[in-house]
Amino acid sequence: MIEVVGLGRDHTDGARKLTVLDGIDLAIADGELVAVTGPSGSGKSTLLGLIAGLDRPTRGTVVIDGQDLGTMSEDQLARFRGRNLGFVFQSFQLIPTLTALENVRVPAELLGDFAVARRAGELLERVGLEDRAHHYPAQLSGGELQRVALARASLTRPRILLADEPTGNLDSASGALVLGLLLDLNRASTVVLVTHNPDIAARAGREVRLRDGTVAEIVARSAA
């Protein structure tokens, strides 16, 4: 489903080149749940963004379901993401002027798929927020915002769901609820999540440990 080969990403800071990722090789099969872990600055979020096509690598390739993202224009990438990928940002990235229901509808409306947009209410009910559908982000708690973000990311039934620290800003109760939702979504989608939480990483079938922009270790385990 996801194949990353020789992936590298550099940034320039004045005259100095900073290597964020270097020589990442990784293959993720359809239906897997993979956790990406490592210390701050190890390249976890950068890797996720490159897999999502939100950023371009300096070198190497990202191939998703046989499609090389590096060969696509920005418009082609946007359409591909809209049909195949769901992304949950650490900071939620909800639109403050839209209600929870309207935020969940956004991916389908961008694709012009209004039949799919009608699933938004059903998804809010699934994440336990049917009574908050017409509230704005400023009126929601952190756990509620993350559940809205998960509902939005899963609206189009993406084959791949990517989540960047989906429980990082939440209390333990909200974090446990969001983890349960992610495990449920893994029944229909390949899930790749970045996390600092060892308990969450332990629930994944594989844990990819990054250090200094490289893969330090891959730990395989039976998902709980």
Just by distance, do the side chain of [X] and the backbone of [Y] share a donor-acceptor pair under 3.5 Å?
{"X": "N186", "Y": "L182", "value": "no"}
{"X": "E32", "Y": "A29", "value": "yes"}
{"X": "T195", "Y": "N197", "value": "yes"}
{"X": "E125", "Y": "E122", "value": "no"}
{"X": "Q67", "Y": "I64", "value": "no"}
{"X": "Q90", "Y": "P166", "value": "no"}
{"X": "N103", "Y": "T99", "value": "yes"}
{"X": "T190", "Y": "G31", "value": "yes"}
{"X": "R221", "Y": "A201", "value": "yes"}
{"X": "E165", "Y": "H196", "value": "yes"}

Considering non-hydrogen atoms only, spot the tightest contact between [X] and [Y] and give its length.
{"X": "L33", "Y": "L183", "answer": "CD2-CD2, 3.5 Å"}
{"X": "G82", "Y": "T156", "answer": "O-OG1, 3.6 Å"}
{"X": "L162", "Y": "A52", "answer": "CD1-CB, 3.5 Å"}
{"X": "F92", "Y": "A149", "answer": "O-CB, 4.2 Å"}
{"X": "L77", "Y": "G53", "answer": "CD1-O, 3.8 Å"}
{"X": "Q139", "Y": "R132", "answer": "O-NH2, 2.8 Å"}

Could you verify whether a donor N or O on one side chain and an acceptor N or O on the other, from [X] and [Y], lie under 3.5 Å apart?
{"X": "T19", "Y": "D10", "value": "yes"}
{"X": "D171", "Y": "S174", "value": "yes"}
{"X": "T37", "Y": "E207", "value": "yes"}

hydrophobic_cluster_shared for [Y] and [X], side chain cutoff 4.5 Å:
{"X": "V192", "Y": "I24", "answer": "yes"}
{"X": "L193", "Y": "V34", "answer": "no"}
{"X": "L98", "Y": "L110", "answer": "yes"}
{"X": "I28", "Y": "L161", "answer": "no"}
{"X": "I218", "Y": "L50", "answer": "yes"}

Do [X] and [Y] have side chains that approach each other closer than 4.5 Å (heavy atoms only, starting at C-beta)?
{"X": "D25", "Y": "V215", "result": "no"}
{"X": "V104", "Y": "V148", "result": "yes"}
{"X": "R152", "Y": "P107", "result": "yes"}
{"X": "L69", "Y": "F80", "result": "yes"}
{"X": "I95", "Y": "V106", "result": "yes"}
{"X": "L123", "Y": "V127", "result": "no"}
{"X": "L47", "Y": "I51", "result": "yes"}

[X] [atom1] to [Y] [atom2] distance, which is reported to the nearest 0.5 Å:
{"X": "M72", "Y": "R56", "atom1": "CE", "atom2": "CZ", "answer": "9.0 Å"}
{"X": "L7", "Y": "R59", "atom1": "CG", "atom2": "CZ", "answer": "8.5 Å"}
{"X": "M1", "Y": "D30", "atom1": "CE", "atom2": "CG", "answer": "4.0 Å"}
{"X": "R118", "Y": "L155", "atom1": "CZ", "atom2": "CG", "answer": "11.5 Å"}
{"X": "T46", "Y": "L210", "atom1": "OG1", "atom2": "CG", "answer": "9.5 Å"}
{"X": "R83", "Y": "R157", "atom1": "CZ", "atom2": "CZ", "answer": "12.5 Å"}

>> Please enumerate all residues that pass ring pair (Phe, Tyr, Trp, His ring centres under 6.0 Å) together with F87, with sequence neighbours excluded.
In response: F89

>> My understanding is that only one of V36, V4, V62 makes a side chain to side chain contact (heavy atoms under 4.5 Å, CB included) with L26; could you say which?
In response: V4

> Are more than 12 heavy atoms from other residues, nucleotides or ligands located less than 6.0 Å from atom CG of D65?
Replying inline: yes

> Do the charged groups of R9 and D22 touch, with an N to O distance under 4.0 Å?
Replying inline: no

> Taking NZ, NE, NH1 and NH2 as the nitrogens, is one of them in K44 or D164 under 4.0 Å from a carboxylate oxygen of the other?
Replying inline: no

>> Is there a side-chain contact (heavy atoms from CB on, under 4.5 Å) between I200 and T167? Walk through the geometry before answering.
In response: CA-CA 9 Å; I200 293 175; T167 64; 3.0 Å; yes

> Between R147 and L145, is a side-chain contact (heavy atoms from CB on, under 4.5 Å) present by the stated rule, with each step listed?
Replying inline: CA-CA 5 Å; R147 281 184 278 161; L145 291 169; over 6 Å; no

>> For a side-chain contact (heavy atoms from CB on, under 4.5 Å) check, start with the C-alpha distance between V88 and Q146, then their side-chain angles and the critical distance, and finish with the verdict.
In response: CA-CA 8 Å; V88 181; Q146 194 62 290; 3.2 Å; yes

